[in-house]
Trainee: 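After the structure tokens below, expect a handful of questions from me.
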Amino acid sequence: MSPGLLEGLLMLPALLLLALVFLWPLGAMAWLSGQASSVLTGLTALPNGGANWLRLLGDGRFWQDAGQTLRFALVSVVLELLLGLGLALLLQRPGRGRAWLRTLTLLPWALPTTVMALGWRWIYNDPFGPLNALLGLLGIGPYGFLSNPATSWLFTVLADVWKTTPFVALLLLAGLQSIPLELRESLELEGAGRWQRLRHLTLPLLLPYLSLALLFRLTQALGVFDLVQVLTGGGPAGSTESLALYAYLNAMRFLDFGYSATVVMGTFVLLLLAVSLALLLWRRSQPHRRPA
Amino acid sequence: MLRQAPGHAAGNRPGNRQPQAGVLLLVAVLTLLLIALLGIAQRHGVAPAAAGPVPVRLLMPAPFVDATAPLLKTFHRSHPNLRLEVTRGPLDTEAMSDLAIGALLLGETPYDVMLVDVTWTARYAAAGWLTPLEPLLGNDALEGMVPGARLGNHFDGHLWRMPFNGDTGLLYWRTDLMDKPPADTAELEEIAGRLQREGLVRWGYVWQGRQYEGLSCVMLEVLNGFGAYWWRPSAEGVAPVAGQTDLASPGAIRAAAWLQGLIRQGITPQAVANAAENETLQLFAAGEAAFMRNWPYAWREIENGGGPVTGHVGVTPVLAAPGQQTGGTLGTWGFSLIAGSPHPREAAEVIRWLTAPDTQRQLVMAQGYAPTWSALYDDPELARLQPLLAVQRRALEEALVRPLTPLYAQLSDLLQRQVNGLISGGGSAPAAMAEAQRRSSVLLDAASTS
């Protein structure tokens with residue numbers, strides 16, 4: 001048996017498993033998106049010649065949700081990367097109680113999203129929530145954090161940042177600890193300041209970890225569901241509805257499985273585009289940041 | 001281990017492996033044998049003993065499970081041939097719906113009987129998930145029930161659901177701030193505004209305005225109160241869509257404008273745009289509002305809560321505009337028989353017992369549930385124990401049912417978005433209602449031509 005064949009054979013179970021959990025559902029979704037399968041057809045699938053896809057292209061709500069989901073993902077991921085980096089740098093510094101601090105920082109990440117979303121719904125409560133109590137001390141408010149279509153999405157972002165920044169910080173902290181101390185010391189000996197060390201040593205060596213965090217967070221944020229469902233239910237006036245929420249509504253509330261599958265497939269295509277674009281941009285920017 | 005001589009332990013590796021392989025083989029053979037036996041036992045129905053009581057599997061939201069637990073003991077005593085297996089579902093209606101649909105989609109559902117919300121009837125029936133009840137319970141199964149309780153159980157000529165309780169939307173008012181409740185919406189506005197100007201209460205009227213089903217319930221009441229209709233059933237009243245919407249009528253626009261006006265005038269706080277039942281109850285129970293629209297459960301919460309308004313709350317059917325007919329939204333649960341149940345006759349017997357007057361009587365006494373049988377409202381002992389019953393009966397006489405169509409969830413979602421946008425963001429009532437009507441028509445037209 002040639003080594004290549006053996007390799008292939010040994011990889012076969014893993015590939016089969018991947019096909020089972022990834023390709024098979026994807027194929028089933030793609031097939032379903034070409035069918036009328038709803039409460040009106042008695043849940044039987046009847047081919048409808050791409051009518052679902054035509055409907056998707058002209059569905060203002062799908063495109064509005066796509067824009068809202070992208071806005072949510074971009075803003076929250078950028079904030080999380082910046083804050084996560086700062087937090088990781090802080091946690092990296094030697095000092096008393098560092099272990100405690102690290103544990104505490106991780107707490108938001110450890111909470112189930114629905115539980116923390118319920119907590120934030122209470123924090124944002126108008127007029128009894130603690131945030132409005134703080135505003136009251138300053139003599140302003142109360143403010144309807146979740147009842148204003150123009151600004152409510154910002155507060156869903158804030159809750160998401162609170163929850164997932166620790167995850168980014170943890171990833172980056174692992175990256176920071178992989179940077180050899182000698183490199184830093186030699187740079188210090190050459191007279192590099194704190195900012196120069198960060199720019200020419202830490203950031204370039206942290207890049208693989210930053211891109212990993214970006215990839216993880218971007219895919220998760222683009223699929224946001226539970227946070228929005230609990231916090232606003234997609235409101236006010238649909239201004240926080242995400243694509244995942246729309247797909248869920250179509251399947252579980254409207255019992256329109258054909259169209260829900262189309263929404264999922266449409267989201268999949270958009271997600272693929274967004275993530276490849278992000279990776280492409282990231283790769284392009286990498287060589288320039290390497291220290292000469 | 002026994003076969004292994006001590007002297008051989010160190011050097012004799014292959015000999016060491018031999019008994020292990022034997023044990024593994026034995027375990028594998030025994031496991032396969034066991035699986036095969038289990039398979040045979042299942043196929044031939046050996047596992048559930050044929051002679052024992054027939055199991056009837058029941059799914060209910062957790063509070064109903066707790067409320068009926070003592071009664072089920074009685075049931076088992078009087079029905080030794082049946083065994084109820086109750087599953088606790090989630091408290092939240094939408095979470096319950098997810099669980100139910102998840103189970104029903106399996107094809108072979110793990111339940112025989114399910115407690116079903118009034119808005120699910122048409123959808124579940126159209127999906128083919130339910131078994132008609134009239135062949136098992138008779139065509140007169142609902143005879144003797146209050147008019148409102150009979151609504152929302154039939155679709156397409158069949159009875160799909162036996163109503164379990166009779167909740168409707170109600171108006172809560174403060175007896176410490178006024179002598180009697182207002183007679184209509186105009187009077188409510190006037191009293192609320194006056195109390196606010198006098199600084200006696202911060203807000204006038206709170207209701208559910210979040211983008212969710214509760215807003216549709218509020219809207220149904222307000223539409224009716226301004227002489228408008230959300231839904232006009234078609235003459236045949238049959239599938240697939242069974243009617244059309246009428247949301248852009250002058251009355252409907254006045255209704256939407258009234259809700260928007262309440263917020264613009266400051267009678268209702270802007271916060272209701274994200275308020276569900278509990279948020280409104282918090283505001284009202286804290287003494288921050290003069291009036292509240294809510295369900296009957298709020299009464300027990302306030303009376304047992306010991307807050308500033310406990311003992312100072314009156315309840316009345318929801319109001320209408322001057323000269324219009326009042327009506328509160330029906331929000332009831334009922335038992336449905338799941339299609340494919342292996343024991344439909346036994347399951348129907350369980351449904352009959354759970355909705356029987358005697359059972360309801362116990363639930364009224366112990367839990368304060370609103371019954372569906374007229375006779376129970378005339379029972380002097382119950383009336384003494386549960387003072388809310390008189391109001392609930394009046395409300396049930398004129399209860400409003402949400403559009404009975406398999407597409408209700410979509411219609412409700414469309415209306416919620418428009419009305420929530422109107423009360424949170426601005427825009428005009430005529431534009432919002434025209435848009436709701438346009439989108440509803442597009443949906444219904446597409447459905448009836450497909």
Side-chain angles (χ1 to χ4, degrees), chain A residues 36-44 46 48 51-52 55 58-61 64 114 118 121-122 124-129 132 141-152 155 229-241 245-246 248-259, chain B residues 94 97-98 100-102 104-105 122-129 202-203 209-213 215 239-241 263 269-276 279 282-283 286 288 405-414 416-427 432 439 443 446-448 450:
Chain A
S37 169
S38 75
V39 70
L40 292 172
T41 68
L43 303 189
T44 21
L46 307 167
N48 67 352
N52 290 339
R55 179 176 158 201
D59 185 356
R61 185 161 169 185
Q64 184 193 333
T114 39
L118 266 181
R121 191 165 153 192
W122 173 242
Y124 289 139
N125 182 297
D126 172 14
F128 295 123
N132 268 316
Y143 185 70
F145 293 100
L146 299 179
S147 52
N148 187 333
T151 55
S152 290
F155 299 103
Q229 168 73 355
V230 175
L231 212 51
T232 62
S239 65
T240 59
E241 187 172 274
L245 191 53
Y246 189 39
Y248 159 83
L249 276 181
N250 273 294
M252 297 303 277
R253 292 274 177 283
F254 308 163
L255 296 186
D256 191 344
F257 296 99
Y259 192 59
Chain B
E94 292 187 347
S97 148
D98 289 352
I101 289 176
L104 291 166
L105 281 173
R123 192 168 18 136
Y124 283 21
W129 288 335
R202 180 150 176 213
W203 300 110
R210 181 177 156 99
Q211 187 181 318
Y212 83 124
E213 188 54 32
L215 178 56
V241 296
I263 292 177
Q270 178 69 58
V272 298
N274 195 44
E279 280 91 355
Q282 277 164 11
L283 273 166
E288 297 271 329
T405 157
L407 295 176
Y408 173 70
Q410 283 98 314
L411 291 177
S412 175
D413 176 78
L414 287 174
Q416 289 161 30
R417 264 171 96 95
Q418 292 304 322
V419 178
N420 184 256
L422 185 67
I423 62 178
S424 64
R439 289 180 185 231
L443 173 84
S448 42
S450 71

Trainee: Please flag which part of B/Gln418 lies under 4.5 Å from any non-hydrogen atom of chain A: side chain, backbone, both or neither.
Mentor: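 Neither the backbone nor the side chain of B/Gln418 comes within 4.5 Å of chain A.
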Trainee: Return the set of residues passing side-chain contact (heavy atoms from CB on, under 4.5 Å) with A/Ser38 (not counting sequence neighbours), or none when no residue passes.
Mentor: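 Once residues adjacent in sequence are excluded, the partners of A/Ser38 under the side-chain contact (heavy atoms from CB on, under 4.5 Å) criterion are A/Leu40, A/Thr41, A/Asp256.
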Trainee: Side chain, backbone, both or neither: which part of B/Gln270 has a heavy atom under 4.5 Å from chain A?
Mentor: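 Answer is both: backbone and side chain atoms of B/Gln270 are under 4.5 Å from chain A.
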Trainee: Would you mind checking which part of A/Leu46 comes under 4.5 Å of any heavy atom in chain B, side chain (CB onward), backbone (N, CA, C, O), both or neither?
Mentor: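 The answer is neither part of A/Leu46.
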Trainee: Determine, for A/Tyr248 and A/Arg253, whether the Lys NZ or Arg CZ falls below 6.0 Å from the six-membered ring centre while staying within 45 degrees of the axis.
Mentor: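 Judged by the rule, A/Arg253 and A/Tyr248 form no cation-pi pair.
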Trainee: Less than 4.0 angstrom from a charged side-chain N to a carboxylate O is my criterion; do A/Arg61 and B/Asp413 meet it?
Mentor: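 Salt bridge: yes.
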Trainee: Relative to chain A, which segment of B/Arg210 carries a heavy atom at a distance below 4.5 Å: side chain, backbone, both, or neither?
Mentor: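 Only the side chain of B/Arg210 comes within 4.5 Å of chain A.
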Trainee: Do you know which of B/Glu279, B/Gln211, B/Gln416 has the most heavy-atom pairs under 4.5 Å to chain A?
Mentor: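 Result: the option with the highest number of such pairs is B/Gln211.
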Trainee: Looking only at heavy atoms and a cut-off of under 4.5 Å, which of B/Ser412, B/Ala409, B/Gly102 has the most pairs with chain A?
Mentor: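 Ranked by heavy-atom pairs under 4.5 Å with chain A, first place is B/Ala409.
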Trainee: Checking A/Thr232 now: which residues fulfil side chain to side chain donor-acceptor pair (under 3.5 Å) with it, not counting sequence neighbours?
Mentor: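 Once residues adjacent in sequence are excluded, the partners of A/Thr232 under the side chain to side chain donor-acceptor pair (under 3.5 Å) criterion are A/Thr240.
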Trainee: Check whether B/Leu283 gets within reach of chain A through its side chain, its backbone, both or neither, counting any heavy atom under 4.5 Å.
Mentor: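 The answer is both parts of B/Leu283.
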Trainee: A/Ala150, A/Gly144, A/Gly238: which one forms the most heavy-atom pairs within less than 4.5 Å of chain B?
Mentor: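 Maximum pair count with chain B is reached by A/Gly238.
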Trainee: Contact part of B/Glu288 toward chain A, heavy-atom cut-off under 4.5 Å: side chain, backbone, both or neither?
Mentor: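 The answer is the side chain of B/Glu288.
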Trainee: Between B/Ala122 and chain A, which part of the residue has a heavy atom less than 4.5 Å away: side chain, backbone, both or neither?
Mentor: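 Answer is neither: B/Ala122 stays 4.5 Å or more from chain A.
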